[in-house]
Amino acid sequence: MNDDRDHHPLHTPVIDWFDDNARDLPWRRPEAGAWGVMVSEFMLQQTPVSRVLPVYGQWLERWPTPGALAADPSGEAVRAWGRLGYPRRALRLHAAATAIAQLHNGEVPTDHAELLALPGVGEYTAAAVASFAYGQRHAVLDTNVRRVFARAVTGVEYPPNATTAAERRVAHRMLPADEATAARWAAATMELGALICTARGPECVRCPIAGQCAWRLAGSPEHDGPPRRGQTYAGTDRQVRGRLLAVLREATEPVPQAALDAVWHEPVQRARALDGLVADGLVEPLQDGMYRLPG
DNA sequence: TATACGTGGAT
DNA sequence: TATCCAAGTAT
């Protein structure tokens with residue numbers, strides 16, 4: 001049909017580069033299976049590989065199947081999540097495991113729509129699991145791939161803050177027609193963004209497509225659009241939540257209110273943060289002002 | 001569409 | 001020290 005799609009000039013150099021430079025990550029090994037891929041994708045949301053590695057290994061050892069995780073209390077998932085950040089991901093992974101055990105016979109679904117219906121699985125993760133675990137043909141648009149396309153195809157330094165329809169069109173247009181090649185392309189473009197085409201200080205001298213990169217050919221113009229919003233953290237509810245949850249993660253027994261009060265001086269914000277954790281299902285209030293991770 | 005949601009390493 | 005940034009999702 002469209003010869004461009006089968007033989008786009010970027011495909012071969014990027015995939016050849018990946019053949020030689022792909023990191024040996026545990027979730028890329030065949031023995032990881034679809035569950036291993038799914039666990040890694042949850043952990044890697046907004047979190048660097050180096051911090052995921054140790055937790056991933058412990059997690060898969062303790063819960064080698066969705067059914068194993070579903071059989072334990074959600075609070076144990078929150079505890080094992082440790083300091084990875086965004087602990088609601090642990091809760092959602094536990095909920096996804098429960099759904100898989102109950103609705104999918106304990107097997108991670110192969111169908112994209114069924115993946116998308118799982119808690120904590122959004123546009124990116126559904127495509128990633130379908131592509132990496134099952135070799136399917138999907139546009140896998142994470143922050144790395146978006147940056148690679150922004151530069152190599154669109155010719156700008158950074159992608160927009162939120163994924164746009166235009167980016168999805170580019171990703172689909174660039175997707176190799178062959179299923180296995182498309183899956184390889186997805187992993188290769190992501191790795192290129194992670195290792196070479198980084199947000200700051202891209203190593204264009206080592207880039208396999210530097211000679212074809214629209215951004216470089218335009219003279220590497222600096223980002224001009226709206227500032228890319230940075231998240232403040234100090235003094236926010238998120239920081240307070242983090243401190244409260246850290247206390248509960250370390251405790252093996254229910255914790256009294258006083259122990260939680262000690263982590264933050266301002267009572268209104270402290271109470272709001274604790275209420276939020278309870279509302280999110282990350283903390284379980286007991287009788288007499290005691291708290292613990294959900295049982 | 002904008003905002004909330006953790007944590008820690010790099011610059 | 002202050003920002004930036006990291007394989008996003010839910011609302």
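Quick note on labels: first sequence line is chain A, next is B, and so on, each numbered from 1. None of the values given here were measured: they were computed from a predicted structure. Values below: every heavy atom of this structure, side chains too, minus hydrogens, waters and symmetry copies.
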Atom CG of A:Asp280 and atom P of B:dC5 are separated, to the nearest Å, by 8 Å
Would you indicate what A:Ala128 reaches in the nucleic acid, counting non-hydrogen atoms under 4.0 angstrom: base, sugar-phosphate, or nothing?
-> nothing
Which is true for A:Tyr158 with a 4.0 Å heavy-atom rule: it touches a base, it touches only sugar-phosphate, or it touches nothing?
-> sugar-phosphate
In whole angstrom, what separates A:Leu282's CG from B:dT7's P?
-> 11 Å
How far, in whole Å, is B:dG6 from C:dT11 if one measures between their P atoms?
-> 14 Å
Which of C:dG8, C:dA6, B:dT7 is nearest the side chain of A:Tyr233? It is B:dT7
Would you say the side-chain atoms of A:Thr198 pair up with the backbone N or O of A:Ala194, donor to acceptor, closer than 3.5 Å?
-> no
Do side-chain atoms of A:Arg137 reach the backbone of A:Ala182 as a donor and acceptor pair under 3.5 angstrom?
-> no
Identified salt bridge (Lys or Arg N to Asp or Glu O under 4.0 Å) counterpart of A:Asp280 within the set A:Arg89, A:Arg92, A:Arg241 = A:Arg241
Atom CG of A:Leu115 and atom P of C:dG8: how far apart are they, to the nearest Å?
-> 17 Å
Which is true for A:Gln239 with a 4.0 Å heavy-atom rule: it touches a base, it touches only sugar-phosphate, or it touches nothing?
-> nothing
Mark yes or no for whether A:Ser40, through its side chain, and A:Val37, through its backbone, hold a donor-acceptor pair below 3.5 Å.
-> yes
Tell me what A:Arg249 touches on the nucleic acid: a base, only sugar-phosphate, or nothing, going by heavy atoms under 4.0 Å.
-> sugar-phosphate
Using the six-membered ring wherever Trp is involved, compare the ring planes of A:His8 and A:His11 and label them parallel, tilted or perpendicular (cut-offs 30° and 60°).
-> tilted
Using the closest heavy atom to pick a nucleotide of DNA chain B for each, name whichever of A:Arg200 or A:Thr163 lands nearer the 5' end.
-> A:Thr163
Hey, is CD on A:Glu222 packed in by over 12 heavy atoms from elsewhere, all under 6.0 Å?
-> no
Any side-chain heavy-atom pair of A:Leu60 and A:Trp35 under 4.5 Å | yes
Select base, sugar-phosphate, or nothing to describe what A:Thr125 touches, counting heavy atoms under 4.0 Å on all strands.
-> sugar-phosphate
P-based separation of C:dA7 from B:dA10 [nearest Å] | 14 Å
Let me know the distance between CH2 of A:Trp264 and C1' of B:dG6, rounded to the nearest Å.
-> 13 Å
Identify whether the distance between the nearest side-chain nitrogen and carboxylate oxygen of A:Glu157 and A:Arg200 falls below 4.0 Å.
-> no
Please work out which of the three classes, parallel, tilted or perpendicular, describes the rings of A:His112 and A:His138, given edges at 30° and 60°.
-> parallel
Which residue, A:Thr198 or A:Gly122, contacts DNA chain C at a nucleotide closer to its 5' end, judged by nearest heavy atom?
-> A:Thr198
For the pair made of CZ in A:Arg243 and P in B:dC5, what is the distance, rounded to whole Å?
-> 16 Å
Specify the separation, in whole Å, of atom CZ of A:Arg146 and atom P of C:dC5.
-> 13 Å
Whole-Å distance, A:Glu157 CD to C:dC4 C1', equals 13 Å
CG of A:Leu118 versus C1' of C:dT9: gap in Å, rounded?
-> 13 Å
The correct set of residues in residues 20-54 of chain A placing a heavy atom under 4.0 Å from DNA chain B is A:Gln46, A:Thr47, A:Arg51
Listed in order of residue number, which residues of residues 80-93 of chain A have a non-hydrogen atom at under 4.0 Å from DNA chain B?
-> A:Arg83, A:Leu84, A:Gly85, A:Tyr86, A:Pro87, A:Arg88, A:Arg89
Nearest-nucleotide pick for A:Arg238, side chain only, options being C:dC5, C:dG8, B:dG6 = B:dG6
Residues A:Glu250 and A:Arg79 bridged, charged N to O under 4.0 Å = no
